[in-house]
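The figures here come from the full heavy-atom set of this structure, side chains too, leaving out hydrogens, waters and symmetry mates. These figures come from a predicted structure and were not determined experimentally. Within every chain, numbering begins at 1; the chains are lettered A, B, ... in the order of the sequence lines, protein sequences first and strands thereafter.
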Amino acid sequence: MTAPTLPPHSDPTTTAPAPGPLGETLHTQVIGWFDDNARDLPWRRPEAGAWGVMVSEFMLQQTPVSRVLPVYEQWLSRWPRPADLAKEAPGEAVRAWGRLGYPRRALRLHGAAVAITERHGGDVPAEHAQLLALPGIGEYTAAAVASFAYGQRHAVLDTNVRRVLARAVTGVRYPPNATTAAERRLARTLLPEDDRTAARWAAASMELGALVCTAKNESCARCPIAAHCAWRLAGKPEHEGPPRRGQTYAGTDRQVRGKLLAVLRDAHTPVPQALLDRVWHEPVQRARALDGLVADGLVEPLPGGLYRLPLT
DNA sequence: TAGGCGTGGAC
DNA sequence: TGTCCAAGCCT
């Protein structure tokens with residue numbers, strides 16, 4: 001039997017929607033693969049609830065699953081409901097965040113818990129627009145929580161799904177640097193009609209990108225839609241266009257901020273300036289990094305040249 | 001909209 | 001070793 005293939009979309013902005021039968025083939029095969037290969041992750045279990053899903057989504061932003069797992073377990077154990085976290089000082093959230101990286105996420109998650117407690121009676125809202133209004137929740141996370149926690153029908157367009165669609169449908173190795181309107185349109189076009197299948201498709205296509213259709217060393221031999229993949233059928237052409245933006249780190253303010261915050265996380269009493277000065281030799285950059293942390297609300301300055309994680 | 005924002009594992 | 005990468009958000 002010959003499986004249908006997806007023609008490359010030379011211009012996804014103007015091409016017609018993908019045909020229904022083909023989309024159904026993709027859904028069936030990717031969801032079938034997911035049924036056999038999905039990882040058993042704690043936030044996918046029913047007992048995780050919407051709060052567990054939401055916490056996991058914050059932690060997983062730009063952060064690998066393996067590093068999230070232990071922090072997630074401790075977090076949910078300590079703060080099983082949004083109101084539990086809302087009662088804490090924001091600095092405690094930053095401390096519990098540990099070395100997950102991007103600690104502003106901890107501050108925003110705390111802020112979201114406060115907003116949920118004040119505006120939504122302590123329950124994670126189910127409406128996409130209400131989720132989007134919470135701090136730290138953007139287009140992706142709102143769709144993910146609504147889909148994974150509440151079974152709704154949303155295009156869940158993360159980096160994994162974008163890569164899967166770029167390859168399988170558009171026929172290129174990598175998606176654009178920033179999410180485009182064409183990608184959103186394509187994702188909506190491919191969304192299954194009914195809520196339950198759409199939610200399943202969202203989780204399954206993400207998992208395929210995370211485990212098989214990876215950025216490097218993709219494993220087409222294990223891919224359930226390899227027979228339809230436009231990129232593979234085109235001979236897996238190399239990436240064209242502007243180089244993908246790399247992240248520099250060594251010597252940046254980010255590195256200095258990380259070192260400063262590490263000292264404050266480990267301290268349970270206010271820290272004198274002199275102790276912070278030891279993390280970085282260059283005084284101008286050091287001061288700029290500390291000022292930035294204060295401006296972001298990650299560090300609270302006290303009289304007498306003392307600093308601590310924020311109490312309010 | 002391009003760039004800032006942490007951290008550590010893989011190759 | 002250095003480079004790339006990991007379920008983004010915000011300004």
Nearest-Å distance for atom pair [atom1]/[atom2], residues [X] and [N]:
X: Glu207(A); N: dA7(C); atom1: CD; atom2: P; value: 10 Å
X: Leu132(A); N: dC9(C); atom1: CG; atom2: P; value: 9 Å
X: Leu211(A); N: dC5(C); atom1: CG; atom2: P; value: 18 Å
X: Tyr72(A); N: dA7(C); atom1: OH; atom2: P; value: 18 Å
X: Leu131(A); N: dG8(C); atom1: CG; atom2: C1'; value: 15 Å
X: Asn177(A); N: dC4(C); atom1: CG; atom2: P; value: 12 Å
X: Leu298(A); N: dC9(C); atom1: CG; atom2: P; value: 18 Å
X: Glu218(A); N: dC4(C); atom1: CD; atom2: P; value: 17 Å

Considering all heavy atoms, the nearest [X]-[Y] contact:
X: Ala289(A); Y: Asp253(A); result: CB-O, 4.3 Å
X: Pro176(A); Y: Glu183(A); result: CD-OE1, 3.6 Å
X: Val30(A); Y: Pro224(A); result: CA-CG, 4.4 Å

Counting the atoms with a prime plus P, OP1 and OP2 as sugar-phosphate, which does [X] contact under 4.0 Å by heavy atoms, base, sugar-phosphate, or nothing?
X: Leu41(A); value: base
X: Arg99(A); value: sugar-phosphate
X: Arg257(A); value: sugar-phosphate
X: Trp43(A); value: base

- Query: Which comes earlier along DNA chain C counting from the 5' end, the contact point of Arg39(A) or that of Leu134(A), where each point is its nearest nucleotide?
  - Reply: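 The residue whose closest nucleotide sits nearer the 5' end is Arg39(A).
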- Message: Quick check: on DNA chain B, is the nucleotide nearest Tyr249(A) upstream (toward 5') of the one nearest Ala178(A), or the reverse? Name the residue that is more 5'.
- Response: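 So the residue in question is Ala178(A).
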- Message: Can you work out whether Arg108(A) or Asn217(A) has the more 5'-proximal nearest nucleotide on DNA chain B?
- Response: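 Going by which nucleotide is closer to the 5' end, it is Arg108(A).
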- Other cluster members, Tyr174(A) - Ile/Leu/Val/Met/Phe/Trp/Tyr, side-chain contacts below 4.5 Å: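 Listed partners: none, Tyr174(A) stands alone.
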- Given a cutoff of under 4.5 Å between side-chain heavy atoms of I, L, V, M, F, W and Y, with clusters grown through shared members, what are the other residues clustered with Leu261(A)?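 Under the 4.5 Å side-chain rule, Leu261(A) groups with Val94(A), Leu107(A), Val256(A), Leu260(A), Val263(A), Leu264(A), Val271(A), Leu275(A), Leu276(A), Val279(A), Trp280(A), Leu290(A), Leu293(A), Val294(A), Leu298(A), Val299(A), Tyr307(A), Leu309(A).
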- Item | Near-strand residues of residues 262-275 of chain A, defined as heavy-atom separation under 4.0 angstrom from DNA chain C |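 Within residues 262-275 of chain A, no residue comes under 4.0 Å of DNA chain C.
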- Does anything in residues 135-161 of chain A reach DNA chain C, meaning a heavy atom under 4.0 Å, and if so which residues?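 DNA chain C contact set from residues 135-161 of chain A: Pro135(A), Gly136(A), Ile137(A), Gly138(A), Glu139(A), Tyr140(A), Thr141(A), Asp158(A), Thr159(A), Asn160(A).
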- Range on DNA chain B touched by chain A - first to last nucleotide, heavy-atom distance under 4.0 Å: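 Answer, 5' to 3': dG3(B) to dG8(B).
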Could [X] and [Y] be called an ion pair, given the rule that one side-chain N must be under 4.0 Å from one carboxylate O?
X: Arg81(A); Y: Asp84(A); value: yes
X: Asp296(A); Y: Arg104(A); value: yes
X: Arg95(A); Y: Asp266(A); value: no

Which whole number of Å gives the distance between the [atom1] atom of [N] and that of [M]?
N: dA6(C); M: dC5(B); atom1: C1'; result: 15 Å
N: dT1(C); M: dG6(B); atom1: P; result: 26 Å
N: dA7(C); M: dG4(B); atom1: P; result: 22 Å

- Item | Qualifying side chain to side chain donor-acceptor pair (under 3.5 Å) pairs with a residue from residues 133-147 of chain A, counting only residues at least two apart or across chains |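 Pairs touching residues 133-147 of chain A that pass the test: Glu57(A)-Tyr140(A), Gln61(A)-Thr141(A), Glu139(A)-Arg184(A).
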- Message: Under the side chain to side chain donor-acceptor pair (under 3.5 Å) definition, can you give me all pairs with a residue in residues 112-137 of chain A, not counting sequence neighbours?
- Response: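 The answer is none; no pair qualifies.
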- Just checking, is any N or O donor in the side chain of His110(A) or Glu92(A) under 3.5 Å from an acceptor N or O on the other one?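 His110(A) vs Glu92(A): no donor-acceptor pair found between side chains.
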- Is any side-chain nitrogen or oxygen of Arg163(A) closer than 4.0 Å to OP1 or OP2 of dC5(C)?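 For dC5(C), neither OP1 nor OP2 has a side-chain N or O of Arg163(A) closer than 4.0 Å.
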Can you list, pair by pair, the side-chain donor-acceptor contacts under 3.5 Å of residues 40-53 of chain A, counting residues two or more places apart and other chains?
| unit_1 | atom_1 | unit_2 | atom_2 | d |
| --- | --- | --- | --- | --- |
| Asp40(A) | OD1 | Arg45(A) | NE | 3.2 |
| Asp40(A) | OD2 | Arg45(A) | NH2 | 3.3 |
| Arg44(A) | NH1 | Arg39(A) | O | 3.0 |
| Arg44(A) | NH1 | Glu207(A) | OE2 | 3.1 |
| Arg44(A) | NH2 | Glu207(A) | OE1 | 2.8 |
| Trp51(A) | NE1 | Trp79(A) | O | 2.9 |

- Task: Kindly write out the residues that satisfy side-chain hydrogen bond (donor to acceptor under 3.5 Å, both in side chains) with Arg232(A), not counting sequence neighbours, or none if the list is empty.
- Result: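 side-chain hydrogen bond (donor to acceptor under 3.5 Å, both in side chains) list for Arg232(A), sorted by chain: empty.
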Could you give the side-chain donor-acceptor pairs of residues 216-223 of chain A under 3.5 Å, partners two or more places apart or in another chain?
| unit_1 | atom_1 | unit_2 | atom_2 | d |
| --- | --- | --- | --- | --- |
| Glu218(A) | OE2 | Lys236(A) | NZ | 3.1 |
| Ser219(A) | OG | Arg222(A) | NE | 3.1 |
| Arg222(A) | NH2 | Leu211(A) | O | 3.2 |

- Message: Does anything in residues 45-66 of chain A come within less than 4.0 Å of DNA chain B? Heavy atoms only, and list the residues if so.
- Response: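 Heavy-atom contacts with DNA chain B come from Gln62(A), Thr63(A).
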- Message: Going by ring-ring contact (aromatic ring centres under 6.0 Å, His included), name the pairs with one or both residues in residues 181-215 of chain A, residues two or more places apart or in two chains.
- Response: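 Residue pairs passing ring-ring contact (aromatic ring centres under 6.0 Å, His included), neighbours aside: His27(A)-Trp201(A).
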